[in-house]
Amino acid sequence: MDSEHRASPPTPIAGTLLLFATLLFFWVLLNGSLARDVLVVGVVASALIAIFFRSHLAWFSELRLTPKALLTTVAYIFYYLKELVSSNLNVAAIVLSPELPVKPGIVKVRTKLKNPMGRMLLCNSITLTPGTLTVEMDGEWLYIHWISVHSPDIEQATADIVAGFERYLEVMYG
Amino acid sequence: MDILGGLLLVAGSIFLLLGGLGLVRMPDVFNRIQAGTKATTLGTLLSLAGFACLQPDWALKLFLIGLFVLFTNPLSSQVLARAAHRSGSRMSALTSVDALAKDRDEPTGKPL
(Lines give C-alpha, C1' and ligand atoms only; values in the text may rest on other atoms or scores of the structure.)
Protein backbone atom coordinates (compact mmCIF):
# COMPACT_ATOMS: atom_id res chain seq x y z
CA MET A 1 0.00 0.00 0.00
CA ASP A 2 1.23 3.49 -0.75
CA SER A 3 2.02 5.68 2.18
CA GLU A 4 1.51 9.06 0.60
CA HIS A 5 -1.94 9.45 2.15
CA ARG A 6 -0.92 8.27 5.60
CA ALA A 7 -2.38 10.65 8.13
CA SER A 8 -0.03 11.36 10.99
CA PRO A 9 -1.30 10.43 14.45
CA PRO A 10 -2.32 13.30 16.76
CA THR A 11 1.04 13.25 18.55
CA PRO A 12 3.75 10.58 18.54
CA ILE A 13 3.44 10.11 22.28
CA ALA A 14 -0.33 9.52 22.16
CA GLY A 15 0.11 7.04 19.33
CA THR A 16 2.76 5.11 21.26
CA LEU A 17 0.69 5.05 24.42
CA LEU A 18 -2.39 3.87 22.56
CA LEU A 19 -0.46 1.07 20.92
CA PHE A 20 1.12 0.14 24.25
CA ALA A 21 -2.30 -0.01 25.94
CA THR A 22 -3.74 -2.12 23.12
CA LEU A 23 -0.90 -4.61 23.22
CA LEU A 24 -1.00 -4.91 26.99
CA PHE A 25 -4.77 -5.37 26.88
CA PHE A 26 -4.47 -8.28 24.45
CA TRP A 27 -1.63 -9.76 26.45
CA VAL A 28 -3.70 -9.76 29.66
CA LEU A 29 -6.74 -11.17 27.85
CA LEU A 30 -4.70 -14.00 26.34
CA ASN A 31 -3.06 -14.84 29.63
CA GLY A 32 -6.26 -14.52 31.61
CA SER A 33 -4.26 -13.57 34.71
CA LEU A 34 -3.02 -10.47 36.48
CA ALA A 35 -0.13 -12.17 38.31
CA ARG A 36 2.88 -9.93 38.81
CA ASP A 37 5.39 -11.81 36.62
CA VAL A 38 2.86 -12.04 33.76
CA LEU A 39 2.24 -8.30 33.96
CA VAL A 40 5.94 -7.42 34.04
CA VAL A 41 6.69 -9.45 30.92
CA GLY A 42 3.66 -7.91 29.21
CA VAL A 43 4.63 -4.36 30.08
CA VAL A 44 8.22 -4.79 28.89
CA ALA A 45 7.26 -6.50 25.63
CA SER A 46 4.42 -4.04 24.87
CA ALA A 47 6.66 -1.06 25.58
CA LEU A 48 9.41 -2.33 23.27
CA ILE A 49 6.98 -3.05 20.44
CA ALA A 50 5.16 0.25 20.94
CA ILE A 51 8.41 2.21 20.75
CA PHE A 52 9.85 0.47 17.72
CA PHE A 53 6.77 -0.17 15.58
CA ARG A 54 4.56 2.78 16.39
CA SER A 55 4.49 4.24 12.92
CA HIS A 56 3.52 0.93 11.30
CA LEU A 57 0.39 0.26 13.29
CA ALA A 58 -1.89 3.15 12.50
CA TRP A 59 -5.04 1.26 13.31
CA PHE A 60 -6.63 3.43 15.97
CA SER A 61 -5.03 6.75 15.27
CA GLU A 62 -6.65 6.85 11.85
CA LEU A 63 -10.11 5.73 12.84
CA ARG A 64 -12.27 8.77 13.32
CA LEU A 65 -13.51 8.95 16.88
CA THR A 66 -16.80 10.72 16.28
CA PRO A 67 -20.05 9.14 17.51
CA LYS A 68 -21.21 8.79 13.91
CA ALA A 69 -18.06 6.91 12.95
CA LEU A 70 -18.40 4.56 15.92
CA LEU A 71 -22.03 3.81 15.08
CA THR A 72 -21.03 3.16 11.52
CA THR A 73 -18.32 0.78 12.74
CA VAL A 74 -20.94 -1.29 14.54
CA ALA A 75 -23.21 -1.26 11.48
CA TYR A 76 -20.22 -2.23 9.35
CA ILE A 77 -19.43 -5.24 11.55
CA PHE A 78 -23.00 -6.54 11.21
CA TYR A 79 -23.01 -5.95 7.46
CA TYR A 80 -19.67 -7.77 7.26
CA LEU A 81 -20.98 -10.81 9.15
CA LYS A 82 -24.10 -10.92 7.00
CA GLU A 83 -22.01 -10.82 3.84
CA LEU A 84 -19.72 -13.50 5.24
CA VAL A 85 -22.62 -15.90 5.76
CA SER A 86 -24.19 -15.21 2.37
CA SER A 87 -20.76 -15.59 0.78
CA ASN A 88 -20.41 -19.04 2.29
CA LEU A 89 -23.86 -20.18 1.20
CA ASN A 90 -23.08 -18.90 -2.28
CA VAL A 91 -19.79 -20.82 -2.53
CA ALA A 92 -21.42 -23.89 -1.00
CA ALA A 93 -24.13 -23.78 -3.67
CA ILE A 94 -21.52 -23.54 -6.43
CA VAL A 95 -19.39 -26.35 -5.04
CA LEU A 96 -22.37 -28.66 -4.59
CA SER A 97 -23.99 -28.13 -7.99
CA PRO A 98 -22.94 -30.85 -10.43
CA GLU A 99 -22.20 -28.59 -13.41
CA LEU A 100 -20.02 -26.16 -11.38
CA PRO A 101 -21.51 -22.86 -12.62
CA VAL A 102 -18.43 -20.61 -12.60
CA LYS A 103 -17.55 -17.85 -15.02
CA PRO A 104 -14.38 -16.51 -13.44
CA GLY A 105 -12.41 -13.46 -14.42
CA ILE A 106 -10.37 -10.60 -13.04
CA VAL A 107 -12.07 -7.22 -13.16
CA LYS A 108 -10.79 -3.80 -12.28
CA VAL A 109 -12.61 -1.54 -9.85
CA ARG A 110 -11.90 1.82 -8.38
CA THR A 111 -12.17 2.92 -4.77
CA LYS A 112 -12.84 6.39 -3.43
CA LEU A 113 -11.10 5.63 -0.14
CA LYS A 114 -7.81 7.43 0.45
CA ASN A 115 -6.81 6.06 3.82
CA PRO A 116 -4.49 2.99 3.75
CA MET A 117 -6.24 1.36 6.69
CA GLY A 118 -9.63 1.94 5.07
CA ARG A 119 -8.35 0.41 1.85
CA MET A 120 -6.95 -2.57 3.69
CA LEU A 121 -10.30 -3.22 5.37
CA LEU A 122 -12.02 -2.80 2.02
CA CYS A 123 -9.77 -5.46 0.46
CA ASN A 124 -10.41 -7.79 3.36
CA SER A 125 -14.13 -7.25 3.14
CA ILE A 126 -14.18 -7.83 -0.60
CA THR A 127 -12.28 -11.07 -0.16
CA LEU A 128 -14.91 -12.35 2.23
CA THR A 129 -17.94 -11.35 0.16
CA PRO A 130 -19.68 -13.64 -2.30
CA GLY A 131 -17.44 -14.76 -5.13
CA THR A 132 -14.85 -12.00 -4.98
CA LEU A 133 -11.15 -12.03 -4.10
CA THR A 134 -8.76 -9.09 -4.16
CA VAL A 135 -5.73 -10.07 -6.25
CA GLU A 136 -3.77 -6.87 -6.71
CA MET A 137 -3.92 -3.28 -5.66
CA ASP A 138 -2.46 -0.28 -7.42
CA GLY A 139 -3.30 3.06 -5.83
CA GLU A 140 -7.03 3.54 -6.17
CA TRP A 141 -7.39 0.56 -8.54
CA LEU A 142 -8.26 -2.84 -7.20
CA TYR A 143 -8.06 -6.00 -9.28
CA ILE A 144 -10.71 -8.43 -8.18
CA HIS A 145 -11.00 -12.09 -9.08
CA TRP A 146 -14.70 -12.68 -9.51
CA ILE A 147 -16.10 -16.17 -9.57
CA SER A 148 -19.02 -15.25 -11.79
CA VAL A 149 -18.37 -12.10 -13.76
CA HIS A 150 -21.61 -10.19 -14.41
CA SER A 151 -19.96 -7.41 -16.34
CA PRO A 152 -16.32 -6.50 -17.05
CA ASP A 153 -17.26 -2.82 -17.11
CA ILE A 154 -15.40 -0.80 -14.45
CA GLU A 155 -18.37 1.32 -13.35
CA GLN A 156 -20.75 -1.60 -13.09
CA ALA A 157 -18.27 -3.84 -11.28
CA THR A 158 -17.43 -1.03 -8.86
CA ALA A 159 -21.11 -0.61 -8.03
CA ASP A 160 -21.57 -4.35 -7.54
CA ILE A 161 -18.46 -5.13 -5.50
CA VAL A 162 -17.13 -2.04 -3.78
CA ALA A 163 -20.05 0.28 -3.11
CA GLY A 164 -21.66 -1.72 -0.30
CA PHE A 165 -18.62 -1.60 1.98
CA GLU A 166 -17.36 1.76 0.85
CA ARG A 167 -20.49 3.38 2.25
CA TYR A 168 -19.42 2.41 5.75
CA LEU A 169 -15.65 2.75 5.43
CA GLU A 170 -15.97 6.23 3.99
CA VAL A 171 -17.52 7.42 7.24
CA MET A 172 -15.08 5.45 9.40
CA TYR A 173 -11.82 6.46 7.72
CA GLY A 174 -12.63 8.96 5.03
CA MET B 1 -25.85 -25.17 25.90
CA ASP B 2 -24.24 -28.50 25.04
CA ILE B 3 -26.75 -29.06 22.27
CA LEU B 4 -26.20 -25.59 20.84
CA GLY B 5 -22.43 -26.10 20.97
CA GLY B 6 -22.77 -29.42 19.22
CA LEU B 7 -24.94 -27.95 16.49
CA LEU B 8 -22.46 -25.11 15.93
CA LEU B 9 -19.62 -27.61 15.69
CA VAL B 10 -21.52 -29.69 13.14
CA ALA B 11 -22.35 -26.58 11.09
CA GLY B 12 -18.71 -25.48 11.23
CA SER B 13 -17.53 -28.90 10.13
CA ILE B 14 -19.95 -28.89 7.21
CA PHE B 15 -18.57 -25.58 5.95
CA LEU B 16 -15.01 -26.84 6.35
CA LEU B 17 -15.97 -29.97 4.42
CA LEU B 18 -17.50 -27.86 1.65
CA GLY B 19 -14.32 -25.79 1.57
CA GLY B 20 -12.30 -28.97 1.09
CA LEU B 21 -14.66 -30.14 -1.63
CA GLY B 22 -14.28 -26.74 -3.29
CA LEU B 23 -10.50 -27.15 -3.35
CA VAL B 24 -10.92 -30.38 -5.29
CA ARG B 25 -13.67 -29.27 -7.66
CA MET B 26 -12.69 -25.72 -8.63
CA PRO B 27 -10.92 -25.37 -11.99
CA ASP B 28 -7.93 -23.15 -11.20
CA VAL B 29 -5.87 -21.76 -8.36
CA PHE B 30 -7.86 -18.50 -7.97
CA ASN B 31 -11.20 -20.24 -7.69
CA ARG B 32 -9.68 -22.69 -5.24
CA ILE B 33 -8.45 -19.84 -3.06
CA GLN B 34 -11.98 -18.42 -3.15
CA ALA B 35 -13.52 -21.66 -1.94
CA GLY B 36 -10.75 -22.15 0.60
CA THR B 37 -10.93 -18.67 2.12
CA LYS B 38 -14.63 -18.22 2.57
CA ALA B 39 -15.62 -21.66 3.75
CA THR B 40 -12.72 -21.99 6.17
CA THR B 41 -13.34 -18.56 7.69
CA LEU B 42 -16.98 -19.24 8.53
CA GLY B 43 -16.27 -22.88 9.36
CA THR B 44 -13.55 -21.92 11.82
CA LEU B 45 -15.68 -19.18 13.39
CA LEU B 46 -18.62 -21.56 13.86
CA SER B 47 -16.36 -24.21 15.37
CA LEU B 48 -14.87 -21.67 17.76
CA ALA B 49 -18.38 -20.55 18.76
CA GLY B 50 -19.26 -24.19 19.33
CA PHE B 51 -16.25 -24.71 21.58
CA ALA B 52 -17.17 -21.55 23.45
CA CYS B 53 -20.62 -23.01 24.20
CA LEU B 54 -19.12 -26.29 25.42
CA GLN B 55 -16.35 -24.63 27.46
CA PRO B 56 -17.61 -21.19 28.58
CA ASP B 57 -14.33 -20.58 30.45
CA TRP B 58 -12.48 -20.40 27.16
CA ALA B 59 -14.95 -18.04 25.50
CA LEU B 60 -12.79 -14.94 25.72
CA LYS B 61 -9.69 -16.57 24.26
CA LEU B 62 -11.73 -18.27 21.57
CA PHE B 63 -13.25 -14.92 20.69
CA LEU B 64 -9.76 -13.44 20.29
CA ILE B 65 -8.70 -16.35 18.09
CA GLY B 66 -11.79 -15.74 15.97
CA LEU B 67 -10.88 -12.08 15.64
CA PHE B 68 -7.37 -12.91 14.46
CA VAL B 69 -8.71 -15.47 11.98
CA LEU B 70 -11.13 -12.89 10.63
CA PHE B 71 -8.29 -10.45 9.99
CA THR B 72 -5.52 -12.73 8.80
CA ASN B 73 -7.41 -15.25 6.68
CA PRO B 74 -8.45 -12.87 3.88
CA LEU B 75 -5.05 -11.17 3.94
CA SER B 76 -3.15 -14.39 3.41
CA SER B 77 -5.52 -15.37 0.59
CA GLN B 78 -4.94 -12.04 -1.12
CA VAL B 79 -1.19 -12.44 -0.93
CA LEU B 80 -1.42 -16.01 -2.25
CA ALA B 81 -3.60 -14.86 -5.13
CA ARG B 82 -1.24 -12.01 -5.96
CA ALA B 83 1.77 -14.31 -5.89
CA ALA B 84 -0.05 -16.81 -8.10
CA HIS B 85 -0.92 -14.13 -10.64
CA ARG B 86 2.56 -12.61 -10.67
CA SER B 87 4.18 -15.97 -11.23
CA GLY B 88 1.83 -16.54 -14.17
CA SER B 89 -0.29 -19.32 -12.78
CA ARG B 90 -2.48 -20.85 -15.47
CA MET B 91 -6.09 -19.70 -15.38
CA SER B 92 -9.09 -21.85 -16.15
CA ALA B 93 -10.33 -21.92 -19.75
CA LEU B 94 -13.66 -20.67 -18.41
CA THR B 95 -12.05 -17.36 -17.50
CA SER B 96 -13.84 -14.58 -19.33
CA VAL B 97 -11.70 -11.52 -18.64
CA ASP B 98 -8.36 -10.68 -17.02
CA ALA B 99 -8.04 -6.93 -16.57
CA LEU B 100 -4.86 -7.34 -14.53
CA ALA B 101 -2.92 -9.20 -17.22
CA LYS B 102 -4.10 -6.67 -19.78
CA ASP B 103 -2.86 -3.74 -17.70
CA ARG B 104 0.44 -5.44 -17.08
CA ASP B 105 1.00 -6.03 -20.78
CA GLU B 106 0.17 -2.44 -21.70
CA PRO B 107 1.87 -0.45 -18.97
CA THR B 108 0.23 2.86 -18.14
CA GLY B 109 3.48 4.33 -16.88
CA LYS B 110 2.81 3.24 -13.33
CA PRO B 111 4.67 0.22 -12.02
CA LEU B 112 2.49 -2.56 -10.75
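To find a chain, count down the sequence lines: A is the first, B the second, and so on, and within it residues start at 1.
- For B:L64, the part lying near chain A is the side chain, with the backbone staying farther off; criterion is any non-hydrogen pair under 4.5 Å.
- At least one side-chain heavy atom of A:R119 sits under 4.5 Å from a side-chain heavy atom of A:M137.
- By number of non-hydrogen pairs under 4.5 angstrom with chain B, the leading residue of A:L96, A:I126, A:N88, A:V95 is A:N88.
- Side-chain contact between B:T40 and B:V69: absent, with no pair of heavy atoms (C-beta onward) separated by less than 4.5 Å.
- Ranked by heavy-atom pairs under 4.5 Å with chain A, the list B:T37, B:V79, B:L75, B:L80 is led by B:L75.
- Counting only heavy atoms from C-beta outward, the side chains of B:M26 and A:I94 approach each other to under 4.5 Å.
- For the residue pair A:S125/A:Y168, the side-chain donor-acceptor check at 3.5 Å is not satisfied.
- With a 4.5 angstrom heavy-atom cutoff, A:I144 does not touch chain B via any of its atoms.
- The parts of B:L70 that come within reach of chain A are both its backbone and its side chain, each placing non-hydrogen atoms under 4.5 angstrom from that chain.
- For A:Y76, the OH atom counts as densely surrounded, since its 6.0 Å shell holds more than 12 non-hydrogen atoms of other residues, nucleotides or ligands.
- Nearest heavy-atom pair across B:G43 and B:L16 is CA-CG, 4.0 Å.
- A 4.5 Å side-chain heavy-atom check between B:L54 and B:L9 finds at least one atom pair inside the cut-off.
- Of the two parts of B:L60, only the side chain, counted from C-beta on, holds a non-hydrogen atom closer than 4.5 Å to a non-hydrogen atom of chain A.
- Note: B:T41 leads B:I65, B:T41, B:V24, B:L45 in heavy-atom pairs under 4.5 Å with chain A.
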Inset, instruction - Starting from the C-alpha separation in whole Å, work towards a yes-or-no answer on side-chain contact (heavy atoms from CB on, under 4.5 Å) for A:H145 and B:N31. - result: CA-CA 8 Å; A:H145 182 265; B:N31 291 299; 3.2 Å; yes
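- Put simply, the side chain of A:V28 reaches to within 4.5 Å of the side chain of A:L39, judged on heavy atoms.
- For the residue pair B:A84 and B:S87, the shortest heavy atom distance occurs at O-OG, 3.1 Å.
- Of the residues considered (A:T127, A:N124, A:L133, A:L89), A:N124 shows the highest number of contacts with chain B, using heavy-atom pairs under 4.5 Å.
- In this structure, chain A has a heavy atom under 4.5 Å from the side chain of B:F15, while its backbone stays farther away.
- Of all the listed residues (A:L30, A:T132, A:V91), the one sharing the greatest number of non-hydrogen pairs under 4.5 Å with chain B is A:T132.
- Side-chain contact between A:S46 and A:V43 is absent, with no heavy-atom pair separated by less than 4.5 Å.
- For a heavy-atom cut-off of 4.5 Å, chain B lies close to A:Y80, A:L84, A:V85, A:S87 in residues 79-87 of chain A.
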